Amino acid sequence: NAGVMQNPRHLVRRRGQEARLRCSPMKGHSHVYWYRQLPEEGLKFMVYLQKENIIDESGMPKERFSAEFPKEGPSILRIQQVVRGDSAAYFCASSPSGVVNTEAFFGQGTRLTVV
Amino acid sequence: GENVEQHPSTLSVQEGDSAVIKCTYSDSASNYFPWYKQELGKRPQLIIDIRSNVGEKKDQRIAVTLNKTAKHFSLHITETQPEDSAVYFCAAKRTTGTASKLTFGTGTRLQVTL
């Protein structure tokens with residue numbers, strides 16, 4: 001059972017370009033969380049998704065950022081017209097649904113650099 | 001929504017001593033409390049968790065305690081070793097009813113010195 005897979009691991013974008021970050025959850029996991037982490041800082045919540053549903057997007061900036069978790073395929077975090085302030089590590093985590101098994105495991109992260 | 005506070009922000013202990021990190025949460029409906037360890041440049045890794053139906057859980061040198069009445073939980077590391085040096089994050093989540101996001105504390109940077 002492969003862990004949470006994120007790609008790419010490193011992404012360099014020029015200001016104004018689009019960044020697409022992918023997250024494949026662990027097998028059997030139907031919940032995905034996205035977090036942003038600046039150097040030397042904590043994990044800032046962005047969005048919580050279930051297959052085909054956004055459960056909580058209270059941490060998503062209102063413009064330029066969107067996320068989806070389709071029925072088939074990975075979850076995608078999309079950042080349009082990137083700016084230097086978007087440079088950060090973006091982690092996704094996945095967990096099963098249900099009450100008993102709720103452990104969330106993180107992927108390796110995507111380090112986005114905007115130049 | 002849930003708010004998790006974590007203290008201290010930095011902690012330095014000598015090898016062999018114990019380290020304690022404390023967190024408080026605000027949502028009385030939260031019932032799942034994991035702890036993550038993040039080494040420099042790596043992903044956060046789940047090291048231990050506790051659910052609200054128990055007050056304490058231990059795994060070798062690591063233990064967590066939960067006080068539901070006071071809404072606080074703690075991580076205890078005994079006989080610390082240099083490889084315990086990392087940033088530790090607590091988190092809280094509601095798993096019953098309307099599921100909530102995993103809300104993290106701000107992290108504690110633990111330094112174990114020789």
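If you're wondering where the values come from, they're calculated on a predicted model, not measured in any experiment. Chain letters run A, B, ... following the sequence lines, proteins first and then strands; every chain starts at 1.
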Enquirer: Can you tell me which portion of A:Gln6 sits under 4.5 Å from chain B's heavy atoms? Options are side chain, backbone, both or neither.
Expert: neither

Enquirer: Quick check on the hydrophobic clustering: are A:Phe91 and A:Tyr33 connected, directly or via other members, by side-chain heavy-atom contacts under 4.5 Å?
Expert: yes

Enquirer: Rounded to the nearest 0.5 Å, what separates atom CG in A:Leu49 from atom CD in A:Glu57?
Expert: 8.5 Å

Enquirer: A quick test of your reading: do over 12 heavy atoms of other residues, nucleotides or ligands sit less than 6.0 Å from CZ of A:Arg15?
Expert: no

Enquirer: Need one label for A:Val47: side chain, backbone, both or neither, based on atoms under 4.5 Å from any heavy atom in chain B.
Expert: neither

Enquirer: For the interface with chain A, which of B:Gln6, B:Gln45, B:Lys93, B:Arg94 has the highest count of heavy-atom pairs at distances below 4.5 Å?
Expert: B:Lys93

Enquirer: Report which part of A:Phe106 has an atom under 4.5 Å of a heavy atom belonging to chain B: side chain, backbone, both, or neither.
Expert: both

Enquirer: Please classify the contact between B:Lys42 and chain A as side chain, backbone, both or neither, with a heavy-atom cut-off of under 4.5 Å.
Expert: backbone

Enquirer: Between B:Leu102 and chain A, with a heavy-atom cut-off of 4.5 Å, which part of the residue counts as in contact: side chain, backbone, both or neither?
Expert: both

Enquirer: Report which part of A:Leu43 has an atom under 4.5 Å of a heavy atom belonging to chain B: side chain, backbone, both, or neither.
Expert: both

Enquirer: Tell me which of these, A:Gly109, A:Gly42, A:Gly107, has more heavy-atom pairs under 4.5 Å with chain B than the rest.
Expert: A:Gly107

Enquirer: If you group Ile, Leu, Val, Met, Phe, Trp and Tyr by side-chain heavy-atom gaps below 4.5 Å, do B:Phe104 and A:Phe105 land in one group?
Expert: yes

Enquirer: Extract all donor-acceptor atom pairs below 3.5 Å that involve side chains of residues 71-89 of chain A and protein atoms in other chains or at least two apart in sequence.
Expert:
residue: A:Ser75; atom: OG; partner: A:Trp34; partner atom: NE1; Å: 3.0
residue: A:Ser75; atom: OG; partner: A:Glu68; partner atom: O; Å: 3.0
residue: A:Arg78; atom: NE; partner: A:Glu18; partner atom: OE1; Å: 2.9
residue: A:Arg78; atom: NH2; partner: A:Glu18; partner atom: OE1; Å: 3.0
residue: A:Asp86; atom: OD1; partner: A:Arg64; partner atom: NH2; Å: 3.1
residue: A:Asp86; atom: OD2; partner: A:Arg64; partner atom: NH1; Å: 2.7
residue: A:Asp86; atom: OD2; partner: A:Arg64; partner atom: NH2; Å: 3.3
residue: A:Asp86; atom: OD2; partner: A:Val83; partner atom: N; Å: 2.9
residue: A:Ser87; atom: OG; partner: A:Arg84; partner atom: O; Å: 3.1
residue: A:Ser87; atom: OG; partner: A:Val114; partner atom: N; Å: 2.9

Enquirer: For residues 15-25 of chain B, which side-chain donor-acceptor pairs fall under 3.5 Å, sequence neighbours excluded?
Expert:
none

Enquirer: Heavy-atom pairs under 4.5 Å with chain A - which of B:Gly107, B:Pro44, B:Gly1, B:Gly41 has more of them than the others?
Expert: B:Pro44

Enquirer: For the CH2 atom of B:Trp35 and the CG atom of B:Asp49, what is their distance to the nearest 0.5 Å?
Expert: 12.0 Å

